[in-house]
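Sequence lines set the chain letters: A, B, ... in the order given, protein chains first and strands last, and positions in each chain run from 1.
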Protein chains: 2
Amino acid sequence: MSSDRPTLADVAAAAGVSVSTASLAFSGAGPIAAATRERVIRAAEELDYAGPNPLGRQLRSGKSGIVGVVVGDALRRSFRDPVSVQMLDGLVRTLEPLGLGVLLIPDSGGAEQRGVDPLVETAAMDVAAIIWGGTVENPNLMALRRRGIPTVVVEGQAVDDVAAIGIDDQAGTAELGRHLLELGHRRIATVTLPFNEFGRAGLVDERRSAELSWEITRRRIQGVRDAGIEPVAVWESPASLVEHGTDAGRALLSGPDRPTAILAQSDLLASGVVLAARELGLRVPEDVSVAGFDGLDLPWLAPDQLTSVVQPLAEKGAAVGHAIEALLEGRVPPPVMLPVSLRLGTTTGPPPA
Amino acid sequence: MSSDRPTLADVAAAAGVSVSTASLAFSGAGPIAAATRERVIRAAEELDYAGPNPLGRQLRSGKSGIVGVVVGDALRRSFRDPVSVQMLDGLVRTLEPLGLGVLLIPDSGGAEQRGVDPLVETAAMDVAAIIWGGTVENPNLMALRRRGIPTVVVEGQAVDDVAAIGIDDQAGTAELGRHLLELGHRRIATVTLPFNEFGRAGLVDERRSAELSWEITRRRIQGVRDAGIEPVAVWESPASLVEHGTDAGRALLSGPDRPTAILAQSDLLASGVVLAARELGLRVPEDVSVAGFDGLDLPWLAPDQLTSVVQPLAEKGAAVGHAIEALLEGRVPPPVMLPVSLRLGTTTGPPPA
DNA sequence: GTGAAAGCGCTAACAA
DNA sequence: TTGTTAGCGCTTTCAC
């Protein structure tokens, strides 16, 4: 752990050139004699100099090369959701060739008072992305704007200088709803994502409906209505996790007058519903149809494949990457709404006779 | 997107104080009259100054506050594995109060030539962590050492100035093996993690055995032997994913003389084996016992709970965090080996009569 | 309690 | 093609 590493000045001195020349030898930005560069490189090797200190370069250029990415609440929670992960993967891939790195910023939002992570306030970053919703009043977004850091929001609202990336989930859900109607279903229940940052588990009544503030949940509910469906029951889940889907499925399927189809707002929730149905001795789709949203690959549900609305997660990540690129060039890209597509699986069929 | 934000000098000028005084008003490191600070803060608000530019601070202090974390190959792959994710969560939690942020660095290792991600070479970071194995010849590790960046390696080898965090998987696997022996099993097969960076799917013969270079895989195989078990078959998986476990299970369980127990080196693999068994009409554990490693929560395997060796993932992440803290203080912490514990589930029982 | 001055390591005008 | 000079924004002695 050498305490004082050599600097460009040391290398320049050793090579017998000026610092600026040495700088050129590394950056390649400017004319320099091959022989001179050789000499500098050799001197660097001799001194065990591993290249220009990024801190100096960053201050000079005013750029950190860092993209702050605000991920959903506890990492653990948001990373349990393949939806976040796959999108993040697409994002990182897009950013890599641009020489940008992703700084993970946990979103403390909601649960623990409305504080923002200290990184949002103080970390160096050229641009930021909030990958899970967020309205204008999102504390993270407010803090970032205060710092003048251009930001892109995924599945949120596009406002003035904030870039927005989303999917056409309302239309997708409507299409899924029509599919169920065409199969002949009339008693359709829906299992939703959280209504706001304080998600609950349970049937939604009028009072709870009034507290719906998450856009994504709202749009997908609206899609169902767009299809002309009035759900016989709306069950809210506190998060997009298999176990919450199971809870929902148990509740919705064990009472009398059970629905003939359940439309869940995520594949994880839907798969939980399938498990609950199996547990109750119900056949899917003969006794009950189940559909999801996201188009995930769920090998453990085999031999079933979920009927689902497929969203292009990698492309979504890439779209965020491109938006970031634009913001770095000083442009505010127009909002992007990616298309989704219905994927028919083995979990939906005609209702029981 | 204002192109030129105010600097500390602007604020100082507006407040009618010197830059150094203004600096004190923000850092609080030094004596300053309350009234003066007030004035500075007010001036800052007026100018819409959001606090000292981290770039300047970083250059001055020589610290970036960034921890580079090299995650397994494609993010998508490594994040599909809850093992990485939960550990990362523990790490981020530990780092947050220290004011450190995590920079994600994809590990291009293996597959695509032996290049390292450009971030490893050029990004600013005070310290780094390689969270998935890595021997001394790991290209990332070599690059980091060349840059003089202190590093901690998880599940790797401890060498001179590199800190190491691991778990006692060899002993844990041995304990699991003895559990199977005590139940009466004699025909035991094992499903392993990849043998090296180029993992394969298939039975391991002598030739392949010679290519075993991943320590973690080796230790867990050795643990089985330590228990006095000579596996009737060793099946290598190309990654720790459910579908690979299913492949392994199909292969191992469909032949004649099938094993009465299968010991997998990860829970994801083990759960795939359980699915394959169910698919083949075999009851678990009546017809075949299945055990895993990691101690994950797999709600979709319900009502079964996997017999597994539980490793403390959050603690492991925290241990990495503490090692990082030590490295930042100039100390090289001694290697840490965390204990594991056997968790008996519903997937192991006596062999069929 | 406050200010003046130096400098962290680098790059980019500009001059030679 | 190379060197000189200035300065990115900040913190930190050290005087006062």
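With rounding to the nearest 0.5 angstrom, the OG1 atom of B:Thr94 is 9.0 Å from the CG atom of B:Asp89.
In this structure, A:Ile32 atom CD1 and C:dT11 atom P are separated by 12 Å, rounded to whole Å. Between A:Arg39 atom CZ and D:dT2 atom C1' the separation is 11 Å, expressed in whole Å.
Each end of the helix from C:dG1-D:dC16 to C:dA16-D:dT1 gets its own axis, taken as the rotation carrying the C1' atoms of four end pairs onto the next four within a five-pair window, and the two axes meet at 40° to the nearest 10 degrees.
A:Arg42 is linked by a salt bridge (charged side-chain N to carboxylate O under 4.0 Å, His left out) to A:Glu38, counting only residues two or more places apart in sequence or in another chain. For B:Arg146, there are no salt bridge (charged side-chain N to carboxylate O under 4.0 Å, His left out) partners two or more places apart in sequence or in a different chain.
Sorted by first and then second residue, the side chain to side chain donor-acceptor pair (under 3.5 Å) pairs involving residues 17-32 of chain B (not counting sequence neighbours) are B:Ser18-B:Ser20, B:Ser18-B:Thr21.
Listed here is the closest heavy atom pair of A:Arg5 and A:Asp10: O-OD2, 4.4 Å. A:Asp126 approaches A:Gly65 most closely through the heavy-atom pair OD2-N, 2.7 Å. Residue B:Asn53 comes nearest to B:Tyr49 through the heavy atom pair N-OH, 4.1 Å, listed as atom of the first residue, atom of the second, then distance.
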Treat primed atoms plus P, OP1 and OP2 as sugar-phosphate and everything else as base, then score nucleotides 9-15 of chain D 5' to 3': B for base contact with protein heavy atoms under 4.0 Å, S for sugar-phosphate contact only, - for none. BBBB---
Which pairs of donor and acceptor atoms, one on a side chain in residues 312-324 of chain B, lie under 3.5 Å apart (sequence neighbours left out)?
from	atom 1	to	atom 2	distance (Å)
B:Lys316	NZ	B:Glu155	OE2	2.8
B:Lys316	NZ	B:Gln311	OE1	2.8

